[in-house]
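We count ligands from 1, going down the list as the structure has it; atoms in each ligand are counted the same way.
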Amino acid sequence: MSRVYNFSAGPSMLPVEVLQKAADEMLEYEDTGQSVAEMSHRSKEFDKIIKDAEALLRELMDIPKNYKVLFLQGGASLQFAAMPLNFMNGSGKADYFVTGLWAKNAYEEAKKYGNPRVVASSADKNFSYIPKTTREDFDPEADYVHYCMNNTIYGTKFQYIPDCGDIPLICDISSCVLSEPIDVTKFAVLYGGAQKNMSPAGLSFAIIREDMLGNARDITPIVMDYKIVADKESIYNTPPTYTIYMCKLVLEWVKAQGGLKAMKERNEKKAKILYDFLDSSKMFRGIADKEDRSLMNISFVSTSEEIDAKFIKEAKEAGFINLKGHRSAGGMRASVYNGFPIEGVEKLVEFMTEFEKANS
Ligand SMILES: *Cc1c(COP(=O)(O)O)cnc(C)c1O
């Protein structure tokens, strides 16, 4: 068996120990005589799996009791619609940060349901930085403020939590969940797709302060009404059972590594190896502003598009796959989530050093 270093932005590398455990339990989960993939979502065995997953997430993220944890489907993209349907129901206004493609998609989706406003944007420099705001920038009538903490495509991350006073703060944390501790109490809602850092594809999650629930519009599809899903403990209809099981294995793994503080240290160490190289290279350079750099998605370019293309091709042949940047950002992007091994980054830097020598 040989495994490549997969820099995909998601679905992405999972810890080998997790894949191994899933393989060991594929034919028979514990002493149930069946695979989790075959198990009824109403069985007591699955009930324990989903409850354990929730308990682990609560423990790792230090989620207070007055927040619900929901396991959902439809990806982060469906939640872009669920946010206005569930929460844009007072003034019908909301303030959105537009700091990348996903943030923009969330804003565009909200337009269908009310009057979102762009409170700050970094579109003027192709989303290479994070705009700063103060409390006065927000509309006091807004039903909520929405932003995306880690901009997966452009490789930027908010290093601060926007201060919007009493306005509920909603945040898409798809690509940074579990990568470092987050102060949940600062937020009304945290949500995302799980396929970047938590599980295989097919699962999304929402962490919602209880006072936010119960005001969904009448037209809200039942499976998108957070109150109903919360009352049914994420099993209104069939949830993605096997992916929730995989998520539980990932959460157990994160706990065994020492939790989110340990993840943060490791991720900082990992990202630094590549950023230090980019800062010293004459051929490659990082795209995002230094102070706004993401730990999870490292975006960079070389001196020309031809060299970019040659680099991506030769890197692939050497076992470093999915380094091509997103079509709207160009260049290269190395996504190095929790499950990505540190030696993969070390080997990539060795490869880039050789490539630079051979091509300059
Ligand atoms: C990947 C991603 C999305 C889209 O997720 P889907 O699950 O594919 O809908 C949204 N927001 C962020 C920050 C992402 O990284």
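For atom 9 (O) of ligand 1, the closest heavy atom belonging to the protein is S77 OG, 2.6 Å. Nearest protein heavy-atom contact of atom 15 (O) of ligand 1 is T152 OG1, 2.4 Å. Summary of contacts: the protein heavy atom closest to atom 11 (N) of ligand 1 is D172 OD2, 2.6 Å. In terms of protein heavy-atom proximity, atom 2 (C) of ligand 1 is nearest to K196 NZ, 2.5 Å. Looking only at protein heavy atoms, the nearest one to atom 8 (O) of ligand 1 is Q195 NE2, 3.4 Å.
In this structure, F351 and F320 have tilted ring planes: the angle between them lies in the 30° to 60° band. By the 30° and 60° cut-offs, the orientation of the rings of H146 relative to Y191 is tilted. Taking the six-membered ring where the residue is Trp, Y96 and Y144 present perpendicular rings, their angle passing 60° and hence far from 30°. Taking the six-membered ring where the residue is Trp, F80 and W102 present tilted rings, their angle falling between 30° and 60°.
Ring-centre distance between F46 and Y245: not below the 6.0 Å cut-off.
Using a 4.0 Å cut-off between heavy atoms, A76 contacts ligand 1 through both its backbone and its side chain. At a heavy-atom cutoff of 4.0 Å, ligand 1 is contacted by the side chain of F80 but not by its backbone.
No salt bridge links E252 with K255; every basic N to acidic carboxylate O contact stays at or beyond 4.0 Å. Checked for salt-bridge contact, E180 and K157 meet the test: a charged N lies under 4.0 Å from a carboxylate O.
Not a single heavy atom of M149 sits less than 4.0 Å from an atom of ligand 1. Assignment of G10 to the shell around ligand 1 is not supported, since no heavy atom sits closer than 4.0 Å.
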Evaluate the ring-ring contact (aromatic ring centres under 6.0 Å, His included) criterion for residues F158 and Y147: first the C-alpha distance (whole Å), next the side-chain angles of each, then the deciding distance (0.1 Å), finally the verdict.
CA-CA 9 Å; F158 275 78; Y147 78 108; 4.5 Å; yes
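The shortest N or O to N or O distance between N150 and ligand 1 is not under 3.5 Å.
Set against the non-hydrogen atoms of G75, the atoms of ligand 1 under 4.0 Å away are 7 (O), 9 (O). Listed by atom number, the atoms of ligand 1 under 4.0 Å from S174 heavy atoms are 10 (C), 11 (N), 12 (C), 13 (C), 14 (C), 15 (O). Near C148, with a cut-off below 4.0 Å to any heavy atom, the atoms of ligand 1 are 13 (C).
Cluster membership check: V349 shares its hydrophobic cluster with Y5, using side-chain heavy-atom separations under 4.5 Å among Ile, Leu, Val, Met, Phe, Trp and Tyr.
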